Amino acid sequence: MLTRKDIVKTYKEFKQVDYPSIGEDVLQYWKDNQIFEKSIANREGAETFTFFEGPPSANGTPGIHHVMARTLKDIFCRYKTLQGYQVKRKGGWDTHGLPVELQVEKELGITKEDIGKKISVEEYNKKCRETVMRFKNEWDDLTEKIGYWVDLDDPYITFDPKYIESLWSLLKKLYEKGLLYKGYTIQPYSPAAGTGLSSHELNQPGTYKDVKDTSITAQFKLKGEENTYILAWTTTPWTLPSNSALAIGENLDYVKVKTFNPYTHEPCTVILAKARMNAYLNPKAAELKLEDYKAGDKLIPFEVVGEFKGKEMLGWEYEQLFPIPGLTLPNPAFTVVSGDYVTTEDGTGIVHLAKAFGADDFRTLVQNDVPGIFVKDDRGNDLPIVDKQGKFISLVGEYLVEKIAEHGITAHKTYGADDFFVKNYTEDDENASDFKNTDVIISIILKNENKAFKVEKYEHSYPHCWRTDKPVLYYPMDSWFIKTTAYKDRLVELNKTINWKPEATGTGRFGNWLENLVDWNLSRSRFWGTPLPIWRTEDGTEERCIGSIAELEAAIAESIAKGFMEKSPYEGKEIDLHRPYVDDVILVSSKGEKMVRESDLIDVWFDSGAMPYAQWHYPFENEEIFKANYPADYIAEGVDQTRGWFFTLHAIAGMLFDSVAFKNVIANGLVLDKNGNKMSKRLGNAIDPFKTLKEYGPDAVRWYMLSNANPWDNLKFNLDGVTEVQRRFFGTLQNTYNFFALYANLDEFVYDKTKAIPVNKRAELDQWIVSKLQSLITEVEEAMDNYDATKATRAIMSFTVDQLSNWYVRLARKRFWRGDMNEDKQAAYETLYESLLALTQLMSSFAPFYADWLYQNLTASGTDAKASVHLTDWTKAQKDLINTDLEESMELAQTISSLVHSLRKKEKVKVRQPLQRILIPILKEKTKAQIEHLAELIKSEVNIKDIEFIDDASGILVKNVKPNLPVLGKKLGPKMRFVVGAINNWSQKEIAEIEREGKINVAVEGETIELLLEEVLISSQDIPGWSVASDLGVTVALDVTISEELKQEGVARDLVNRIQNLRKDMGLEVQDKINISFDAGNELVNTSVKNFGDYIQSETQAINLNSVANLADGTILDMDDFEISVKVEKA
RNA sequence: GGGCCUGUAGCUCAGGUGGUUAGAGCGCUACACUGAUAAUGUAGAGGUCCGUGGUUCGAGUCCACGCAGGCCCA
C-alpha cells in the first residue's frame, strides 16, 4: 500500500512559508531567466503602453515612501503587460539642483561666495557630479528588492551632455516661438551685499527680526468727490512714491465715514474696511456730533455715511499720492483692483501696491494690466525708482529736497538729491541725534499735505540678509522667463483631458494653478545645472540661442576665426555643456561684436519636465521610439509634485507639442508614521525600507500599502498592518494552496486543461465559485483600468478569504478526502486549481514575487506553463460562466446557514447533533426556487434533514410592513411623517388588504391618501411558537425537537469525532485504515452503532467496528453526557 | 494669508444619486468547531459619523461657517 512518503509530489507542500526568502529566490530566478526583459521582448510589435519615470535624486538614501511610489508605478505597468501591451520603462536620475549644491557646500565647508574663489567652478561641479550619484547602489538595490521593474541598465541622466543637448533644442524651440524672454521678478535682495537671496537663504535661522518701522496710513484722494479719501496702510513708506494701484477684498465690507484729519483737523470723508473702524476711529467718539468738533480735540467725532462690498469699489480712480514730475502714468494706473490676499487683520483692509517692491503687488498689477512707476535707462529698460544700493534715484531725491524746504523740515544734516537711502542708512546717520530717515521725512510731508491719516511706529518681523544683517528689500531682479501665460488657455483645456487620481488634484490644486498661471521663471544663479544657452552682446541689442552641440561647435569655430577665442574649450576632451566650459565660449554677433553667455542656469524642473524628449535624445536620435512612446499613458508621483514635475511636463508638452504629456496620473499622498506624524530621521520614527523588506518580504509590504488606503490619501504606515495582511490574506491563500496540494498529491491529481470537466457538468458549488471568479476578474479589470489599485486588491482579498477559503473549501472539503478519484472529485480539484491559478495572475501585479512562486508551484508539472506568471496573457472573464442567479442563491444559503448557526447557539444545540427541519417563510416564488436549488448544501452545512417552506396559504405567517421611503418621499413630501406613522400602526388586516387590493386608503390630517402596494415593503419576521432569526430579508425557524433517531445519529457523529481525534493523536496518516472496538455497556451507543455503523466506519476508515463486553484496555472517551471506552488500532 | 486633501468603533478603513436601527477587518470578551488546526464559526461589548448653523417630511451624505491634522504656494 502506498504511504505518503512514496507519493510523487506534483505540488510542493509547505509547513511554513518564509516570505522574505520567496522574495529573494524569485528575484534571483527573474535575473537568471531575464524575465523582465522577456516580458518586454515578448510584446515586440504589440501596442505600446507608455510609462514615464519621474527621476529621483540619488544624493540621499531612499525611504519607505519610495517603496510606496515605486510600487504604484510598477503595478500598472505589469498589469498592462499582461493585457498584451509592450511597456518600456526607462529609469532616470535627477542630478542637478540646489540640494546637491548645498550638500557639497556643507561637506566642503564653503558658501556660494567661495565658488570661483576658494574653489574653481570646475572642481566644484566635479564634486557635485560625484555626490549626486552617491547612493545609486542603494536605490538600485531597493528598486530590485521591491520588485519595481524598470530599466536600470540604461537610465537617462540629466547631467549627460546628450540629455542637456535635448534640453537646449527645446529651449531654442521656445526661443524661436518668442516664448523665452528676459524680464524681471520681485525677489529678496540685499542692497548691502548687492545680491539677490534665495528663499532658502531667507529661511536661515535668525534672518527674521523684530524691528520698529514708521508705518503710515495714507489718504488717497478719490477723483470726482470732495475731500474723500481711500485709506491704505504700509510699513514701508518709501514704497509710496511707487504706488500705482490699491487692492481691496471683493467680499469684504467697507464703509464711508465722515470725520476730521487728526493732523490738519480738516473735515474729510474716508473709506476703509468696516472691520477696521475701531483701529482708526475711537469708539468713544461715536456719540459725538461732527458739528461740535473743534480743531485739536482729543476725541474726533465720526459718522458712517455709506456701506458697500469691496467689489463695488473696483475701478474707482484716485489721484497720485506723489505727483513727481516725470513719474506720471496713464489710466488704469491709480485705480482700485481686487487682491485675494487682502484681509482685515491689520491696516485698513485696503492695500497699497508698488509694482517694483512686492511679489503680490507685481502679480496683481500684471494681471490687471496696470503699469508701475519706473524710469527708463539708456536702452529703454524699466528701472525702479530705488536703485541697487537701496537709494532713491535723484529724480525722486530732488522732489524730496524741495518738499523738505517747502515744509521747513530739519534733520541731522542737509539732504542732497542722492542721500535718500530707503533701508540701509549708514551707521553715522543712524547714530546722529536728529536723524530723520526717509520714511520719517515722507511721513512729515504727507502729514503736512493732508495726505496722512495716521502715522505710528510699528513693530513687526522683517527679513534681514544673513550675511550683512541689514534689512532685505523686495526688488525686481533680472530673470529669464518662459511665457507660459501665452498658452494658459490651451494648457487649461489640455488638462481637462487628463484622468487625474484623485480627480480633485487635477481640477483643484493643478487646475487652479493653471488658472492663475504666471510666467515660468527659469533663471537660477547657481553653478551645477543646465546652462541657459543664450548669448548676448554687451549692449543687449543682439541675442542668440544655441540649440545643439553642432551649432555650438560651429559658432566656436567662427569665433576662433574671428579671434575672439584662442581655441575651443573642448579641444582634446569630451564635450561638457556645464559651467565653466560653456562660459568660456564667446560668440560673434552679426555686427562682429562679442557675445557672452547669460550667466544663469535653468530651473532643474525644466530638466525633469523635458524627460519625455531628452531621455531618448530626441530630436537628435530615436525619433521612432519617441513617437511610439509619447505621450505617456500613465505616470505617478507624490502630490507635492503637482506644481513641480506634473506642471513642467504639462507646460513643455502643451507649448511645444500641443499635446498632453500624460493621459493618466496618480498623485499619491505621503507616508506618515503610525501616529500620523511625518517620518524623519531626527525624530527616529522613520521606517527603514530595507529592514522592513528583510523582515516581511516585499509582497506583504506592497499589498499592505495598496490595500490599506487609497494611494492618494496619506498612509499611516503601521507594521502591524503588514503583519495582518500577511496573516489574513497571504496566510489564508497559502493554507488554501496547502490544502489543495496535500490532497492532490495523495490522489495524484495533475491538472490537464484539455481533460477538464466542463463547468456546466460540475457541482453547483463549483459553478458558483467559478461564477464568483469571473465576477472578480471583471471587477479587478474595471478597477485597474480606472487606476484604482485599492479597489482591486480589496476585491481579490475578499474573494480569497471569504469566498474561496471560508466557503468553497470549507463546504467542499469532504469531496477532497472522501473515496477514490471520481468525476465529482476531479471537478472539485479542477475548480480549486483553476481558482488558485487565476488568483496568481490577478494578484501578480501587486504581489509579483509570491504570485510567481505560487504560479510555479501550481504549474510545475504542467505542459503549457510559462516560465513566469508575468509572461502570461491576461485571462479575460468568461461572461457566460457568470450565473447571477446562482450567486444570489448562494448568498441566501450563506445567510440561512449563518441564521441556523445562530439559532443553534441560542438553543444550545451543537452542530454535530442533527435536527429535523427548518422553516422558511416565503413571500416570493423566486426566493423559494433559489433556496431549493441549494437545499442539499444548506442541509449538510447546518446538519438538518429538511427545509420546509411556508407561504401565504399556510395562514400562519405574521407579516411586517415598512414604508418604502424613497418612493413615498417623492409622492408625499411634508405629509410623510403622518403616513409613516399610520403604516407603522397597521395590523395584519391592513397588510392583507393592500396585498389583496393592491392599494389602500389612509386618512391623515383630515385627508384621504391612496397608497399602492409598491409603496410599502412587506416581509415576514415571525412564526408563532417558533424560535426564529432573520437577516437581510430572510427569516428562518428551527425545529429543535430531537427524536430518538436523531439522538442516535448525534451520538454516531460524536463517536466519529472522538475517533478521528484518537487517530490524529496516534499519528495516523489520512489514508491509514483502522479497527475499532468499543465497550458494549451503553445502550445508546449500541443502538447508534447498530443503525449508523456503516457511517462510522466509512468516516473513520474503519475495517471493523466491534462491540466488546468489558473492554479493558480502551481509551475513555468523554461524550458530554456519558463516557465510553473505545480502542482504536491500525489495521 | 490662499488653494487643495483628510476627519465615521480602541486601531485601519467601507459607506452610488439624502431614506426608519451607520458597516467590515483587526483587537477585546464568551461560546462552539476540530482530517486546512499557529486555521475556522457564532455571539457580545464598543459610535456625539470633528463642531455649529442651515436646506429638507428626513442629513454620515447637500450648503455655509468654524475646529483639528496634512500637502503645496505666498
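Just so it is clear, the values below take in all heavy atoms, side chains as well, and ignore hydrogens, waters and symmetry mates. Note that the structure is predicted; figures quoted are calculated from it, not measured. Letters A, B, ... mirror the listed sequences (proteins, then strands); counts begin at 1.
A:R509 contributes a side-chain N or O that forms a donor-acceptor pair with the base of B:rC71 under 3.5 Å. A:S805 contributes a side-chain N or O that forms a donor-acceptor pair with the base of B:rA36 under 3.5 Å.
Contact annotation for A:G969: base contact, defined as any heavy-atom pair under 4.0 Å involving a base atom. A:R813 comes within 4.0 angstrom of a base, heavy atoms only. When heavy atoms are screened at a 4.0 angstrom cut-off, A:N738 is found touching no nucleic acid atom at all. Among the heavy atoms of the strands lying under 4.0 Å from A:N710 are primed sugar atoms or P, OP1, OP2 only; no base atom is included. The residue A:K962 sits close to a base: some heavy atom pair falls under 4.0 Å.
Rounding to whole angstrom units, CG of residue A:L672 and P of B:rC71 are separated by 8 Å. B:rA14 atom P lies 10 Å from atom CG of A:D788, rounded to whole Å. Protein atom NZ of A:K791 is 12 Å distant from nucleotide atom C1' of B:rG15, rounded to whole Å. Protein atom NE2 of A:H65 is 15 Å distant from nucleotide atom C1' of B:rG70, rounded to whole Å. The interatomic distance linking A:N668 (CG) with B:rC72 (C1') rounds to 14 Å, in whole Å. Distance, A:R727 CZ to B:rA38 C1': 10 Å, rounded to whole Å. One can place CG of A:D361 at 15 Å from P of B:rA74, the figure rounded to the nearest angstrom.
Ring centroids of A:Y743 and A:Y829 are separated by 6.0 Å or more, keeping the two rings apart. The distance between the ring centers of A:Y189 and A:Y474 does not fall below 6.0 angstrom.
The same atom, P, is picked in B:rC4 and in B:rC63; the two are 13 Å apart, to the nearest Å. Only the P atoms considered, B:rU56 is 33 Å distant from B:rG47, to the nearest whole Å. B:rG58 and B:rU20 are spaced 15 Å apart, taking the P atom of each and rounding to whole Å. For the C1' atoms, the distance linking B:rG10 with B:rC71 amounts to 28 Å, nearest Å. Taking the P atom of each, B:rC67 and B:rC11 are spaced 24 Å apart, rounded to whole Å. Rounded to whole Å, the separation between the C1' atoms of B:rG51 and B:rG60 comes to 14 Å. Nucleotides B:rG54 and B:rA43, compared at atom C1', are 42 Å apart to the nearest Å. For the C1' atoms, the distance linking B:rG16 with B:rC57 amounts to 23 Å, nearest Å.
In the set B:rU20, B:rU40, B:rC5, B:rC5 carries the atom at the smallest distance from any side-chain atom of A:A504. Comparing B:rG70, B:rA14, B:rC13 against the side chain of A:N714 picks out B:rG70 as the nearest. Distances were taken from every side-chain heavy atom of A:Y743 (C-beta onward) to each of B:rG41, B:rA36, B:rC71; the shortest belongs to B:rA36. The nucleotide whose nearest atom lies closest to any side-chain atom of A:N512 is, among B:rC72, B:rA74, B:rG3, B:rG3. Side-chain proximity of A:D640 to B:rC4, B:rC26, B:rC71: nearest is B:rC71. For A:R794, taking side-chain heavy atoms from C-beta onward, the closest of the listed nucleotides B:rG3, B:rG41, B:rA14 is B:rA14. Taking every side-chain heavy atom of A:K910 into account, B:rA32 is the closest of B:rA32, B:rG3, B:rC13. Minimum atom distance to the side chain of A:S898 is reached by B:rU42, of the listed B:rC72, B:rU42, B:rC33. For A:H901, the side-chain atoms get nearest to B:rU42 when compared with the rest of B:rG19, B:rC26, B:rU42. Listed nucleotides B:rC5, B:rG41, B:rU20 differ in distance to A:D713; the shortest reach to its side chain belongs to B:rC5.
Residue-environment remark: NZ (A:K910) exceeds the threshold of 12 foreign heavy atoms within 6.0 Å.
Under the Watson-Crick and G-U wobble criteria, each requiring two contacts below 3.5 Å, nucleotide B:rC11 is paired to B:rG25. In this structure B:rC31 sits in a base pair with B:rG41, meeting the Watson-Crick or G-U test at under 3.5 Å. The partner of B:rG69, taking Watson-Crick or G-U wobble pairs whose two distances both stay under 3.5 Å, is B:rC5. Under the Watson-Crick or G-U wobble criterion, with both distances below 3.5 Å, B:rU55 has no partner in any strand shown. In this structure, B:rG16 forms no base pair with any nucleotide, since neither Watson-Crick nor G-U wobble geometry is met with both distances under 3.5 Å.
In this structure, the side chain of A:N745 engages the main chain of A:Y11 through a donor-acceptor pair within 3.5 Å.
Between the side chains of A:D603 and A:W520, at least one donor-acceptor pair of N or O atoms lies under 3.5 Å. Remark: the A:N708 side chain and the A:W703 side chain contain no N/O donor-acceptor pair separated by less than 3.5 Å. At a cut-off of 3.5 Å, with distance as the only test, no side-chain donor of A:Q913 or A:N943 sits close to an acceptor on the other residue.
Ion pairing between A:K791 and A:E782 fails under the 4.0 Å rule for side-chain N and carboxylate O.
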